[in-house]
Every structure is written in structure tokens, then in C-alpha cells.
Amino acid sequence: MGQTDHPSDADLLATAEAGRDAVAAGPAADHLAECAACRARLAAYRSAAQLLAEASPAGRAYCPPRAALIDASLSGEQALGRDRHLAACPLCAEDLADLRALEVEPAPGALETVRGRVVLALEAVTRRALQLLEATLPPVPTPALAPARGEGAGSDGGPPVAVQAVFGDGALELTWSAARGAVDLRAVARGAAPRPYRLELRDAAGAPLESRASDEQGAVSLTDLEPGCYRLAAFGPQRAQPELEVELELRA
Amino acid sequence: MDRSGEHEPPLSELVARACEDDAPAQAALFERYRGFVHRRLAASRRRRNWFWLDDLDDAVQETFMQFFAALREGKFRYESERRLEGFLVRTAWFVSMNLKDKHRGAEVSLYDPDEGGLRFDLPAWADAVFDRLERRDCLRMLASAVAELNPNRREVVERTLLGQRVRDICAATGRTSASVSGLKFNALVELRERLAAQGFVERCGELFGLVAAEE
């Protein structure tokens with residue numbers, strides 16, 4: 001490449017970003033060795049690129065520490081500076097929005113899902129402990145949390161635990177019981193919840209496993225579920241998208 | 001801790017014992033609030049699309065480790081359950097943000113096409129830097145020089161400043177790689193020349209590790 005055959009801007013960019021060792025061995029090396037103008041442009045580019053990298057807000061170099069974003073004890077001027085920065089820095093604004101999301105109590109569906117997992121785990125542990133200790137030790141005391149029982153439970157069951165999730169203009173009440181190492185789940189529409197509705201049980205990845213339509217009482221029963229992670233979707237009449245989705249984690 | 005039938009100590013006592021590194025008290029607090037923290041993280045992950053938070057259980061564990069460390073260091077004094085929950089939430093936030101930082105790398109883009117383009121006002125941001133205040137005037141000079149570029153070059157510089165690479169700019173603008181490369185090269189060369197004309201290297205070069213353009 002002669003002195004008159006200047007590399008294109010795209011080639012110079014590639015050269016600039018390739019690193020100095022690569023430049024020394026690359027095809028533009030001979031030209032750059034002869035052309036002061038191209039060398040100057042290359043150096044100017046590198047200088048500006050370094051400046052942009054140093055000045056980039058993505059590096060958080062000019063942001064307050066996260067603790068300062070939520071520090072209510074900052075002095076007037078510091079607080080003003082922090083607030084001005086928050087107004088101009090989308091990264092810090094995003095962090096604060098993340099905190100606000102954490103401060104919000106989740107919707108009942110998600111809340112009850114975790115409670116269900118805890119209850120079933122306790123019950124299953126109790127049952128296993130009873131089996132192990134049957135011959136030689138006193139029975140394990142009843143756990144403080146009442147085990148979940150569906151309708152028609154035996155006399156040794158505690159009060160039924162029903163959780164409700166918002167469904168349409170009403171609620172979907174979920175009750176469950178664990179027996180024989182499996183879980184029976186029953187859903188009942190309450191209030192102005194859609195009727196009829198369809199309940200779809202999905203695996204953790206979202207693939208459908210079972211689909212049931214509600215009966216005349218607005219109820220659906222899913223029995224003999226194996227412990228694991230599921231998703232439950234409820235569809236109102238003629239709806240292609242679910243109006244309720246909850247995650248279930250049934251542990252043995 | 002066996003909660004079955006035994007009288008459970010008051011929360012204030014549990015916290016006080018946990019401050020002294022009492023393992024049963026810490027275990028009791030963990031069991032009592034594990035679900036609370038898990039729910040909050042899970043809901044926030046859904047709501048805020050925290051794709052980088054792939055192990056919720058791990059984040060919960062880390063939250064409690066940080067929480068107990070804060071108790072030992074006297075950073076939290078029990079006043080009410082509500083304040084305790086608030087402290088746990090903030091601890092979970094710090095843990096989550098640290099995980100977000102690990103995923104951030106060089107892939108941050110603050111250019112939001114859904115919001116009509118740039119959701120980042122460079123001059124306002126330069127005015128509002130919180131830390132490294134000695135660089136504020138320099139960043140204002142930079143913002144001013146960027147504003148003087150023609151619209152196409154300014155856009156490429158702003159996108160580069162916000163972490164986008166050539167291929168990202170091509171995808172966002174629909175321009176070819178050769179076009180964006182040429183724009184970027186010429187834009188940065190012009191930017192450097194404008195800054196040099198303002199005396200940027202003399203005033204700010206040391207702060208930003210810059211040397212004279214000529215080599």
C-alpha cells in the first residue's frame with residue numbers, strides 16, 4: 001500500500017481497535033510508517049476513544065455509592081447533589097427503581113405459592129419422621145403450622161389451609177393435601193371469578209401437562225401430583241391468555 | 001429451632017442473640033424470613049426482568065449472610081418487625097445490585113429505542129456528576145464538544161459513550177458496518193480536534209490519561 005493509497009476510514013477504525021501489536025504486523029503498517037497524516041488521525045482516534053471509555057457513565061465512576069442513594073441522613077447539599085445525579089443518571093435511577101420494586105409486597109398469588117411450599121415441606125418431613133421413629137421413639141409433635149388439607153380430610157388433619165389468588169373480578173381458592181408421597185390440589189372459583197374456567201397445569205419450563213375444565217360448582221381437582229415445580233394457569237371463558245398464573249413448588 | 005409447641009422467643013430477643021452470633025437464633029430468623037426475602041426477590045425479578053438473577057436461593061442465602069454480618073457489626077438495632085423487614089429488603093437490594101454489576105460488563109446500553117431514542121441527557125449528566133468532582137468541568141467540555149458535531153456523528157459518539165459497539169449501532173440505526181465505522185472514526189477524530197482547540201488536553205489530559213494526539 002503506497003503513500004497515496006490511504007486506507008479507508010473503516011480500515012483505520014479496524015486498525016485502531018486491533019491493538020498496537022496487530023497494527024505493527026498488519027497490512028496498513030507499511031502505509032502508516034510512511035504517512036504522517038494517517039498516523040495523526042489514528043492517534044487522534046485512539047485518544048478520543050480512550051476519553052470516551054474513561055468518561056462513560058457505564059463505568060459508574062461518577063455515580064454515588066449505592067448506600068448514598070438511600071441514605072436519609074445526607075446533608076442538604078449532599079442530598080441535593082445526589083438528587084440531581086439521580087435525575088440525570090439512568091443507571092442510578094434504574095437501581096433505585098429496583099429497590100422500590102423490592103419494597104412492594106408481592107401480589108397474593110406469588111405470596112401464597114411460597115407459603116404452600118413451606119406448609120407441604122413441613123408436613124412431608126413430619127410424615128417421614130413418624131415413619132422412621134415409629135418403632136422406637138415417641139411421635140414427633142405436631143408442627144406449629146397446620147398441614148394443608150383438602151375437603152373430606154381425616155379427623156387428624158388440622159384446619160384446612162386455603163390460599164386465594166386474584167382471578168378475574170373474584171378469586172381462585174386453592175387447597176391441597178399431601179398423602180402417599182403425592183399431592184392433591186383443588187381449585188374453587190370464589191366471588192365474581194370467571195365461570196366456567198379452565199385450569200392448566202404446566203411444568204417448570206411452561207410446557208402443559210394437564211388441562212381441566214371447572215365443574216358446575218366452579219371447582220377443579222388435580223390429584224396425585226408428584227413433588228416438583230409447576231406452574232398453574234387459569235383461563236376465563238373464551239380466553240387465549242391466562243388471567244392468573246402462579247408458580248407451585250411441591251417438595252417431599 | 002423447634003417451633004413445635006415451644007414458646008418462641010420474642011423477635012427482639014432473637015435479633016439480640018443473633019447479634020452475638022448465636023447459631024440457633026440465626027437459624028430461627030432465617031426460617032422465619034427466608035420466604036419473605038424469597039418472595040420479594042422473585043416478584044422483583046419478574047417485574048423488573050432481572051435476567052441476571054438466575055439463582056434465587058443463592059441470593060437469599062447471601063442476603064442472610066450479609067444480614068447477620070451487619071448484626072454482628074452493630075449496623076442494625078431492632079426497633080420493630082417492620083424495620084427489620086425493611087433492613088432485610090435493603091440488604092437483598094445490595095446483594096441483587098452486586099449480582100447485576102457482575103453481569104453488566106461492557107454491554108450496557110442506555111439508548112432505549114422504545115422511548116424514542118436516547119434516555120440519557122449528556123449535558124445534564126455532566127452537570128450532575130456526584131463523585132470525582134474534579135472531572136466535572138472536563139465532562140462539561142466533552143458534552144459541549146459532542147453537541148457541536150453534526151447529528152450523525154453526534155449520535156454515533158453518544159452511542160459509543162453509552163457502551164454500544166459498531167455492530168450494536170448498525171442494528172439500532174440500520175446503517176451498514178462500513179458506514180458506521182466511517183462515521184465513528186471521523187467523529188472521534190473531529191471530537192479530538194475540537195477538544196484540542198478548547199485546550200482539553202492541557203486542562204484535563206492528566207485526569208483522563210490522555211497524551212498529545214501526535215505520536
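A note on names: the letters A, B, ... follow the listed sequences, proteins ahead of strands, and every chain is numbered from 1.
The contact between A:A67 and chain B is made by backbone and side chain atoms together, counting heavy-atom distances below 4.5 Å. Neither the backbone nor the side chain of A:A53 has a heavy atom closer than 4.5 Å to any heavy atom of chain B. For chain A, the nearby parts of B:A124 are the backbone and the side chain; heavy atoms of each come within less than 4.5 Å. Residue B:L195 touches chain A through its side chain alone, counting heavy-atom pairs closer than 4.5 Å. Heavy atoms of A:I70 lying under 4.5 Å from chain B belong exclusively to its side chain. For B:R45, no part lies near chain A; criterion is any non-hydrogen pair under 4.5 Å. Residue contact with chain A, scored on non-hydrogen atoms closer than 4.5 Å, involves the side chain of B:V166 exclusively.
Side-chain atoms of A:D9 and A:D11, non-hydrogen and from C-beta on, never get closer than 4.5 Å to each other. Between B:R175 and B:I169, the closest side-chain pair of non-hydrogen atoms is not below 4.5 Å.
For the set A:A48, A:A101, A:C92, A:P64, the entry with the most heavy-atom pairs within less than 4.5 Å of chain B is A:P64.
SG atoms of A:C63 and A:C89 are separated by 2.5 angstrom or more, inconsistent with a disulfide link.
Crowding of B:E73 atom CD: a count of heavy atoms from other residues, nucleotides or ligands under 6.0 Å exceeding 12.
A parallel orientation is assigned to the rings of B:W52 and B:W50, their planes being inclined by less than 30° (bins at 30° and 60°).
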